[in-house]
Amino acid sequence: MSTLTTRAQDYSQWYNDLILKGGLADYSAVRGCMVIKPYGYGLWENMRDVLDKMFKDTGHQNAYFPLFVPKSLFEAEEKNAEGFAKECAIVTHYRLKTDPNNKGKLIVDPSAKLEEELIVRPTSEAIIWSTYKNWIQSYRDLPILINQWANVVRWEMRTRLFLRTAEFLWQEGHTAHATKQEAIEETERMLDVYATFAEEYMALPVIRGVKTPNERFAGAEETYCIEALMQDGKALQAGTSHFLGQNFAKAFDVKFSDKDNNLEHVWATSWGVSTRLIGALVMAHSDDQGLVMPPRIAPLQVVIVPIPVKDPAGKERIDNKALEIMNALKAQGISVKYDNDDTARPGWKFAEYELKGVPVRIALGLRDLDNNVVEVARRDTKEKTSIPLEGLTGRIENLLTDIQSNLYNRALAFRNENIVKAYTWEEFVAILDGKGGFVSAHWDGTPETEDKIKEMTKATIRCIPLNNPFEDGKCILTGAPSKQRVLFARAY
RNA sequence: CGGGGAGUAGCGCAGGCCGGUAGCGCAUCUGGUUUGGGACCAGGGGGUCGCAGGUUCGAAUCCUGUCUCCCCGACCA
């Protein structure tokens, strides 16, 4: 019987408890790296499948590039290299040998030192653009619209399950275009794909925006992002899409002949979301009883729990009806598990599936069968109702849809309540130290002020929202004139 | 890298100050009774106490060194 830490007791511990006890992931023998367990991986697979289809529908194809990046390629785009230099794992040797002084132990073979060190990719722009150079000669070769599903390594000082681990899974899109306009359109299109995915599938409301130069991806001209709000009032960047200009084309000398036979550098974008989204999902919807999975990407949507009886005939009646319900739901594309494990009792199962956040639970006993009903419990509100067997499948489908939109609306209401305008510095600090959330405030537009605010409050500018209304005002810190508000928050 | 915490059975912990050959809860196994919100009774199995030295007749316990993990901060998606 595992008890969870509550959010009020210790938010971080609550989060860890949910991940570990909910069966999403486990710590591993490697510092900062985690094991994604089947239930967590199932969630990732669902997210991946939906996103993959959305990428394909917008004209992209998948490919795969190497894990290792020769150092000389890695350093070609200076800003990008600099940005990631501090968190790179480096391969320097390619062989081990038995330690002559300590039998049974291995040491690095000094004679197997690599001519050139290999960087374990923290992102793949370098290896990909060195390849694109060979693929692009003419405007007829463009655009190149490629995505890859991969793992990357960023040697972070401090890690947190899913939110920040040394190795993580993600997808990275890398596109090449003939014109600046087309590349910007691509950047915005993919941001929109991410936002749609977050809102419609993860039930996670996000703010679309652009990053300030301070927060911009190393090597990008413009970084677009979607920002979400967690229940503890901290913001979380859920996805980014970068307009890379011609920076990588210039660094890797990627040129094409346009229709007028002029040689031009190509325009680039890159965009990504990672397993971090799972952390966002957990912190957006879950409660003190455990995880809460949005039906559209839940690893398991419906669980059927029988109420056991000793009488074999009664048991068979329950089994038959449960299987009938399961098959009917499956026929509608709903994922269902009939948990007829008779070594666990129903109460234990109820608690277990609540911990795992399964959206709908159907309980089925003889009492129900005699009345031609089942007991249906929804995870989001924990409401239980008796529902007639007649038309059950349609009701469950509607219920799943309802849970999905309820989760979104709940998260949206919370998010909107927690976007607060600040007019004075005192107010600004009070909001951050109080309930947190996004603070909408004027900023004088300088990196210096942004840094100073970060130093004083730990809050950063999460984004300048797209379609932000212009409004004359004064910078919250310096009082210098400002044309628009930006969103500040403490963030993951 | 700085600050804090922890390594004892699969998990969570006690024991340590005061050295005498390891214990509790959960889980697990067997049998039985149970089953509509984390069942109960009885019996059983499981640990070179993170690692390496040292002190001692004897070390989970004392001393020295070392490794690892977690949390908070600096870095970052």
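Convention: sequence-line order gives letters A, B, ...; per-chain numbering from 1.
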Legend entry - Proximity to the side chain of K86(A) - top-ranked nucleotide from U35(B), C75(B), C70(B): C75(B)
Legend entry - Nucleotide G50(B), atom P - distance to OH of Y27(A) in whole Å: 21 Å
Legend entry - Donor-acceptor pair (no angle test) under 3.5 Å: R345(A) side chain, G36(B) base: no
Legend entry - SB check K321(A) E324(A) (cutoff 4.0 Å): yes
Legend entry - Ion pair check, R208(A) and E188(A), cut-off under 4.0 Å: no
Inset, instruction - Could you give the distance separating G20(B) and G12(B) at their P atoms, to the nearest angstrom? - result: 26 Å
Legend entry - Watson-Crick or G-U stems involving RNA chain B, each at least 3 pairs long, distances under 3.5 Å, ordered by first number: B:1-7 with B:67-73, B:10-13 with B:23-26, B:28-33 with B:39-44, B:50-54 with B:62-66
Inset, instruction - State whether D433(A) and K458(A) are salt-bridged, where the test is any N-O pair (Lys NZ or Arg NE/NH1/NH2 against Asp/Glu carboxylate O) under 4.0 Å. - result: no
Legend entry - For RNA chain B, the residues among residues 369-391 of chain A that have a non-hydrogen atom under 4.0 Å from it: E375(A), K384(A)
Inset, instruction - Kindly say whether V360(A) contributes a backbone atom to a donor-acceptor pair with the side chain of Y353(A) at under 3.5 angstrom? - result: no
Inset, instruction - Answer yes or no: does a side-chain N or O of K349(A) lie under 4.0 Å from OP1 or OP2 of G37(B)? - result: no
Legend entry - Nearest to side-chain heavy atoms of K310(A), which nucleotide of G36(B), C75(B), U34(B): U34(B)
Inset, instruction - Return the value, rounded to whole Å, for the distance between atom CG of D341(A) and atom C1' of U35(B). - result: 13 Å
Legend entry - Exam field: side chain Q148(A) to backbone F65(A), donor-acceptor pair closer than 3.5 Å: yes
Inset, instruction - Return the nearest nucleotide to the side chain of R31(A); candidates are A74(B), G36(B), C70(B). - result: C70(B)
Inset, instruction - Decide if the gap between the ring center of F488(A) and the ring center of F428(A) is smaller than 6.0 angstrom. - result: yes
Inset, instruction - Indicate, with a heavy-atom threshold strictly under 4.0 Å, whether L366(A) touches base, sugar-phosphate, or nothing. - result: base
Legend entry - N16(A) side chain near C70(B) phosphate (N/O to OP1/OP2, under 4.0 Å): no
Inset, instruction - Could you measure between the two C1' atoms, the one in U35(B) and the one in C40(B), and give it in whole Å? - result: 12 Å
Inset, instruction - Ignoring backbone atoms, establish whether R158(A) has a side-chain N or O less than 4.0 Å from OP1 or OP2 of A74(B). - result: no
Inset, instruction - Using a strict 4.0 Å threshold on nitrogen-to-oxygen distance, state whether E186(A) and R189(A) make a salt bridge. - result: yes
Inset, instruction - Can you tell me, in whole Å, how much space there is between the C1' of C57(B) and that of C11(B)? - result: 38 Å
Legend entry - Listed nucleotide nearest any side-chain atom of S12(A), set C72(B), C69(B), G38(B): C72(B)
Inset, instruction - Would you mind classifying the nucleic acid contact of T165(A) as base, sugar-phosphate or nothing, using non-hydrogen atoms under 4.0 angstrom? - result: base
Inset, instruction - Remember a base hit wins even if backbone is also touched, and classify E354(A) as base, sugar-phosphate or nothing at under 4.0 Å, heavy atoms. - result: base
Legend entry - Near-strand residues of residues 314-321 of chain A, defined as heavy-atom separation under 4.0 angstrom from RNA chain B: none
Legend entry - Lys/Arg N to Asp/Glu carboxylate O, R7(A) vs D232(A), below 4.0 Å: no
Inset, instruction - Send over the distance from R121(A) CZ to A77(B) P, rounded to a whole Å. - result: 18 Å
